[in-house]
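Residue indices begin at 1 and follow the sequence shown.
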Amino acid sequence: MSEKKMTSSRRHHLKSLVLSISKGILEKESIQVKVDKENYMSENCPPLSLPGSTQELQELCKKLHQQIDKVDEERYDLEAKVGKANKEIEDLKIKVVDLQGKFKKPALKKVRLSADQMLQALLGSKHKVSLDLRSNLKQVKKEVKEEVADVGDWRKNVEDKAGMDGRKKMFEGEA
């Protein structure tokens, strides 16, 4: 299968099309965000009308403080939920990594192959030469070591060599 390469002018044209479409989508999204924000503000925040007397201003401030406290409580609760969700996500990510790392290694079977079979498996049809590794080995004659004839009782040997006479015998025997 031969895939045709795209010409640079075609690639450039497609890239500019994608960029122009994405630019239009981003502009629509920003306009929608502004509209949503204005709608939310009109629903939840009525226009501010400042009363003239001090008493009414104090009442308004108390009311605003109560609303601030309520919003702070909601924000705190939402932050706690988000923190808990983030912790769960991290734990699940760690579990996924652990599970990916653990897999059972299959028990391998012991296979006996000759050198010819190994080369045939590795090289395939290129393998023509037959290797008989044993034919290239040197013939070695085994030497039979002579066993020391009847060592005898070691205690008798030690007693003979004890004292100065024994040491003299030892040197005389070796020489």
Next item on the list: Evaluate the salt bridge (Lys or Arg N to Asp or Glu O under 4.0 Å) criterion for residues K34 and E38: first the C-alpha distance (whole Å), next the side-chain angles of each, then the deciding distance (0.1 Å), finally the verdict.
Entry: CA-CA 6 Å; K34 286 180 184 177; E38 288 173 4; over 6 Å; no
Margin query: Hydrogens and angles aside, do D36 and Q32 bring a side-chain donor and acceptor to less than 3.5 Å of each other?
Written below: yes
Margin query: Please determine whether side-chain contact (heavy atoms from CB on, under 4.5 Å) holds for the pair E29 and I25, giving the CA-CA distance in whole Å, both sets of side-chain angles, and the decisive distance to 0.1 Å.
Written below: CA-CA 6 Å; E29 282 181 359; I25 292 172; 3.9 Å; yes
Next item on the list: Take D91 and K95, measure what salt bridge (Lys or Arg N to Asp or Glu O under 4.0 Å) needs, and give me the verdict at the end.
Entry: CA-CA 6 Å; D91 291 345; K95 276 187 180 179; over 6 Å; no
Checklist line | Nearest-0.5 Å distance that lies between atom CD in E90 and atom CD in E88 | finding: 11.5 Å
Next item on the list: First locate atom CD of E27, then atom OG of S22, and finally report the distance between them rounded to the nearest 0.5 Å.
Entry: 10.0 Å
Item checked: From L17 atom CG to H12 atom NE2, the distance as rounded to the nearest 0.5 Å -> 10.0 Å
Check: Hey, what do you get for NE2 (H65) to CG (L60), rounding to the nearest 0.5 Å?
Finding: 10.0 Å
Checklist line | From S53 atom OG to Q58 atom CD, the distance as rounded to the nearest 0.5 Å | finding: 9.0 Å
Margin query: Among K63, E56, Q55, which residue satisfies the side chain to side chain contact (heavy atoms under 4.5 Å, CB included) criterion with E59?
Written below: Q55
Next item on the list: Working to the nearest 0.5 Å, report the span between CG of L64 and CG of D69.
Entry: 11.0 Å
Margin query: So, applying side chain to side chain contact (heavy atoms under 4.5 Å, CB included) with T7, which one of R10, R11, K5 is it?
Written below: R10
